[in-house]
Undergrad: 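Dumping the structure here so I can ask a few things about it.
When a residue number appears, it is its place in the shown sequence, counting from 1. FYI, side chains are in, hydrogens and waters are out, and symmetry mates aren't considered; it's all heavy atoms of this structure.
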Amino acid sequence: MNASLILISSVCIFLAIGVPVAFALGLATAATLILAESYPLMVLLKETFTGIDSFPLMAVPFFILAAELMSGGSLTEVLLRFAGQFVGHRRGGLGYTNVVSLTFFSGISGSALADAAGPGSMLIKMMDKAGYDRSYAAALTASTAIVGPIIPPSIIMIIYALQDDNVSVGSLFVAGLLPGLLIAVAMCAVNFHVSKKRNYKGDGGMPPWREVLLTTWKAIPAILLPVVILGGMRAGWFTPTEASVVAVFYALVCGKFVYRTLEWKALPDILSRSALLSASVLIIIGLSASFAWILTIENVPQTLAEWLVGMNLSPWMFLIIVNIFLLLFGIFIEPLPGVMVLAPILAPVAVKLGIDPIHFAMIVIYNLTLGMITPPVGGLLFVTCNVSRVPMSQLVRELMPFLWAHGVVLLMLTFLPALSTWLPHLWGFK
């Protein structure tokens with residue numbers, strides 16, 4: 001039997017019956033190895049281990065640990081106060097506070113799910129108490145949490161750089177800055193429109209400047225973490241992997257000695273949560289690698305690439321088709337396995353068509369990340385429903401204007417390559 005046919009059909013069956021994505025990929029690989037009888041079953045273990053046997057991947061657990069340490073050090077409250085003092089008094093102020101806070105926090109966590117489950121849950125409660133519709137607060141939080149994987153540090157960017165030799169982790173980290181800020185602006189625009197329509201009022205007046213300066217001074221160490229990471233990499237002081245270790249020590253020093261809210265007795269719980277989250281990410285990466293190995297050995301990427309090139313598409317038409325395909329693909333597959341499977345297939349075609357690899361990488365990452373807020377599989381939707389206790393139907397209804405806003409940003413990102421490439425090229429990345 002044809003191995004690639006067994007692989008693709010079996011993974012579709014496993015996903016259809018509700019098997020988690022990582023295990024669906026692993027079971028599909030095992031089924032293919034058994035039924036096709038072309039390769040030994042040991043391939044599953046070997047390629048799964050090979051998929052995570054990578055030095056750059058060490059950055060993933062360290063960035064996760066750094067985010068947990070900063071959260072354990074009351075960073076969330078510091079950033080909430082910092083963001084709220086500038087926008088909280090305006091119409092829809094808590095909505096703006098939500099967007100600004102999650103944007104700042106995304107520069108630490110690198111994970112949309114962590115943003116939604118951590119500071120996002122606090123912001124939903126605050127907005128609910130202030131008279132905002134709880135379903136609207138949940139939709140705003142889920143939509144804004146998308147910036148988590150876009151603004152550096154980003155786990156998905158590390159994974160993408162491992163799949164495409166034409167880009168580096170550093171170049172993608174820098175490339176995510178402008179798109180991430182653009183997403184935040186788009187979410188603020190939607191909040192402005194909805195708040196005006198529903199008369200969501202601000203929270204009092206702007207605090208005195210003395211208090212503003214004091215709150216800003218307290219927030220500076222937390223805000224500086226992304227600056228330390230990107231600045232150190234730009235200066236050549238450390239690699240992205242070494243930057244993740246620096247981030248851990250920086251977070252530990254901030255929590256314990258600057259904010260003095262991180263207790264030594266809390267470290268076992270923080271390490272435990274970090275280990276569990278790291279394991280869940282790494283098992284997705286490992287099993288995706290074994291799945292991708294069979295696709296590669298069966299020449300599926302090469303055949304698809306040749307077919308796409310043979311269609312003589314213009315670069316813009318190719319990007320339009322890729323956008324549509326990735327949006328549909330992202331509805332059913334989580335971003336990490338999506339990048340593992342699709343980047344090696346699509347990136348070489350983009351290069352042959354003369355598309356900047358950094359530009360293309362940002363389109364792929366943003367598209368697949370959007371799948372986290374599109375039903376029926378969107379992971380962010382389930383996390384947000386869980387922490388907000390809002391029914392999925394209500395959340396999806398409130399989500400529509402935010403999805404349109406994300407669509408506008410995606411079009412801008414697609415047809416204005418400079419949004420992705422200007423900063424990396426300015427910093428010397430090619």
Side-chain angles (χ1 to χ4, degrees), residues 20-22 48-49 51-79 102 104-122 145 147-149 151-159 162 169 173 221-222 224-226 228-229 232 238-288 334-337 372 379-380 382-383 386-387:
V21 174
T48 298
F49 177 77
I52 59 175
D53 185 20
S54 168
F55 179 74
L57 266 184
M58 289 179 63
V60 172
F62 281 115
F63 276 130
I64 290 173
L65 177 56
E68 288 289 340
L69 285 169
M70 289 297 251
S71 298
S74 297
L75 172 72
T76 304
E77 292 84 350
V78 172
L79 290 179
L102 289 180
F104 279 129
F105 200 81
S106 68
I108 296 163
S109 69
S111 166
L113 296 178
D115 290 356
S121 62
M122 295 175 57
V147 299
I151 291 182
S154 166
I155 294 171
I156 192 173
M157 288 179 179
I158 297 171
I159 307 307
L162 291 175
V169 175
F173 276 9
L224 280 180
L225 178 57
V228 169
I229 293 171
F238 37 72
T239 65
T241 306
E242 292 163 349
S244 65
V245 180
V246 172
V248 169
F249 280 98
Y250 185 90
L252 186 61
V253 169
C254 281
K256 183 62 183 175
F257 302 107
V258 177
Y259 296 116
R260 299 181 181 179
T261 51
L262 181 63
E263 301 290 339
W264 293 121
K265 62 183 180 182
L267 286 181
D269 285 339
I270 290 174
L271 291 170
S272 176
R273 288 197 304 271
S274 301
L276 287 172
L277 187 53
S278 299
S280 66
V281 171
L282 292 175
I283 196 169
I284 290 174
I285 295 170
L287 293 173
S288 298
E334 292 294 313
L336 286 182
M372 301 180 75
L380 259 177
F382 291 103
V383 170
N386 211 16
V387 299

Undergrad: Yes or no on side-chain contact (heavy atoms from CB on, under 4.5 Å) for Phe257 and Leu252, after CA distance, side-chain angles and deciding distance?
TA: CA-CA 8 Å; Phe257 302 107; Leu252 186 61; 5.9 Å; no

Undergrad: Quick check: does any side chain N or O of Ser244 sit under 3.5 Å from a backbone N or O of Thr241, one acting as donor and the other as acceptor?
TA: yes

Undergrad: Please tell me if the side chains of Ile229 and Phe63 come closer than 4.5 Å, counting only heavy atoms from C-beta onward.
TA: yes

Undergrad: Looking at Tyr250 and Pro221, what are the two nearest heavy atoms and their distance?
TA: OH-O, 2.6 Å

Undergrad: Taking all heavy atoms of Ser154 and all of Pro149, pick out the closest pair and write down the distance.
TA: OG-O, 2.5 Å

Undergrad: Between the main-chain N or O of Ile270 and the side-chain N or O of Ser274, is there a donor-acceptor pair closer than 3.5 Å?
TA: yes

Undergrad: Quick one: CG on Leu282 to CG on Leu287, what's the gap to the nearest 0.5 Å?
TA: 11.0 Å

Undergrad: CD/Glu263 to CG/Asp269 distance, rounded to the nearest 0.5 angstrom?
TA: 12.5 Å

Undergrad: Working to the nearest 0.5 angstrom, can you tell me the gap between Ile64 CD1 and Leu277 CG?
TA: 4.0 Å

Undergrad: Using a 4.5 Å cut-off on heavy atoms from C-beta on, say whether the side chain of Ile283 contacts that of Thr48.
TA: no

Undergrad: Between atom CD1 of Ile285 and atom CD1 of Ile159, what is the distance when rounded to the nearest 0.5 Å?
TA: 3.0 Å

Undergrad: Evaluate side-chain contact (heavy atoms from CB on, under 4.5 Å) for Leu69 paired with Leu267, printing each intermediate quantity in order.
TA: CA-CA 8 Å; Leu69 285 169; Leu267 286 181; 3.7 Å; yes

Undergrad: Do you know which of Val281, Ile52, Leu336 makes side chain to side chain contact (heavy atoms under 4.5 Å, CB included) with Val60?
TA: Val281

Undergrad: Please give me the minimum heavy-atom distance between Ala251 and Ala66, naming the atom from each residue.
TA: CB-O, 3.6 Å

